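Here the structure is a predicted model, which is why all the values come from computation and not from measurement. Within every chain, numbering begins at 1; the chains are lettered A, B, ... in the order of the sequence lines, protein sequences first and strands thereafter.
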Amino acid sequence: MKYNSPELIFLNGKKLNQKFYLQPTLKIARELLGKIIVRRLEDKILAGKIVETEAYIGEDDPACHAYGGITPRNKVMYLSGGHAYVYFTYGMHYCFNVVTEKEGFPAAVLIRAVEPIMGIELMKKFRNTNDINNLTNGPAKFCQAFQIDKRLNGASLLEDEIFIIEPTNTETFKIVRTPRIGIKQGLDKKWRFFILGNPFVSKTKPTPKP
DNA sequence: CTCTGGATTAGCT
DNA sequence: GCTAATCCAGAGC
């Protein structure tokens, strides 16, 4: 797809604005479900519907990277809502977050899974698989499929490299709320949201009981 | 400076 | 169920 293709102009016109990203983080985590995240590459467009998110809120949230205060790594979380926070973990994976709330308050929404919509063949190439059900059903898989790495850390979602748009058709779905995945602290907070029944939600083991 | 372990995944048992 | 893969932030010295 070319930069000025009708599809891209259409997509850009529906971009979420900063007002959306300045709302309370839990509201954004819930409302991002069903929205379309768009990644612009050299001459291609990748797009997917967000189906699973998690909220990480403030210096008092023990699972949040900003727990205990600002550092070189987490400083992007302190920017105003509408930036991208991308971090590297486990020696081989990236995870993508949407920074939320006003400048100075560290909070973000982790995109845990999306449903592929556009550029699926390219995603298969980046993920080195032909299994559509295994392309973007996890935070690091999504980053690999969408060519997201630390170069996008701090990028503005109001610009064109990566951004989120309103879906064209309004579908209804049921939202489920559970504790977050893969953390050892903060399990008391039910800050993970996903679309019930969507096949692209990440596969997770049952939540262990305390 | 060194050391530890993580908002994960794939592949094997 | 288990663990290797493998980078870097953060903590401790």
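Rounded to the nearest Å, the gap between the C1' atom of C:dG1 and that of B:dA7 is 22 Å.
Among the heavy atoms of the strands lying under 4.0 Å from A:Ile183 are primed sugar atoms or P, OP1, OP2 only; no base atom is included. Across all strands, A:Ala140 comes closer than 4.0 Å only to sugar-phosphate atoms, never to a base (heavy-atom distances). Among the protein residues, A:Lys150 comes within range of the sugar-phosphate backbone only, with heavy atoms under 4.0 Å from sugar or phosphate atoms but none that close to a base. Within the 4.0 angstrom heavy-atom criterion, no nucleotide atom of any strand lies near A:Arg180. At the heavy-atom level, A:Arg127 lies under 4.0 Å from the strands shown only through sugar-phosphate atoms.
Each of A:Tyr67 and A:Tyr56 belongs to its own hydrophobic cluster when Ile, Leu, Val, Met, Phe, Trp and Tyr are linked at side-chain heavy-atom distances under 4.5 angstrom. If you chain together hydrophobic residues whose side chains sit under 4.5 Å apart, A:Ile120 and A:Phe126 fall into the same group.
A donor-acceptor contact under 3.5 Å is formed by the side chain of A:Tyr87 with the base of B:dA7.
The CG atom of A:Asn74 sits 15 Å away from the C1' atom of B:dG6 (whole-angstrom rounding). Taking atom CZ on A:Phe193 and atom P on B:dA7, their separation rounds to 19 Å, with Å as the unit. A:Tyr94 has its OH atom 8 Å from the C1' atom of C:dC7, to the nearest Å. Computed from coordinates, the A:Tyr90 OH to C:dA5 P distance equals 17 Å when rounded to whole Å. With rounding to whole Å, A:Asn97 atom CG is found 11 Å from B:dT8 atom P. Look at NE2 on A:His93: it is 11 Å from C1' on C:dA4, rounded to the nearest Å. In this structure, CZ of A:Phe96 is placed 16 Å from P of B:dT8, rounded to the nearest angstrom. Atom CD1 of A:Ile111 and atom P of B:dA7 are 17 Å apart (whole Å).
Of the nucleotides present, B:dG11 is the one that pairs with C:dC2 by Watson-Crick or G-U wobble criteria, both distances under 3.5 Å.
Residue A:Lys141 has no polar side-chain atom (N or O) positioned under 4.0 Å from OP1 or OP2 of B:dT8. Contact between the side-chain N/O atoms of A:Lys184 and the OP1/OP2 oxygens of B:dA7 is not found at any separation under 4.0 Å. A:Arg112 has a side-chain polar atom (N or O) that falls below the 4.0 Å cut-off from OP1 or OP2 of B:dT8. Proximity of A:His65 to the phosphate of C:dA9: no side-chain N or O atom is located under 4.0 Å from OP1 or OP2. OP1 or OP2 of C:dG10 has at least one side-chain nitrogen or oxygen of A:Thr71 nearer than 4.0 Å.
Taking NZ of A:Lys15 as the reference point, atom CD1 of A:Ile36 lies at 15.0 Å (rounded to 0.5 Å). Summarising the geometry, atom CG belonging to A:Leu158 is positioned 10.0 Å from atom CD1 belonging to A:Ile164; distances are rounded to the nearest 0.5 Å. Rounding to the nearest 0.5 Å places CD1 of A:Ile37 at 4.0 Å from CD1 of A:Ile162.
The side chain of A:Phe88 approaches C:dC7 more closely than any other nucleotide in the set B:dT8, C:dC7, B:dA10. Taking the side chain of A:Arg73 as heavy atoms from C-beta on, and the options B:dA7, C:dG10, B:dA10, the nearest nucleotide is C:dG10.
Residues A:Arg192 and A:Arg112 share a closest heavy-atom pair of NE-NE, 4.3 Å.
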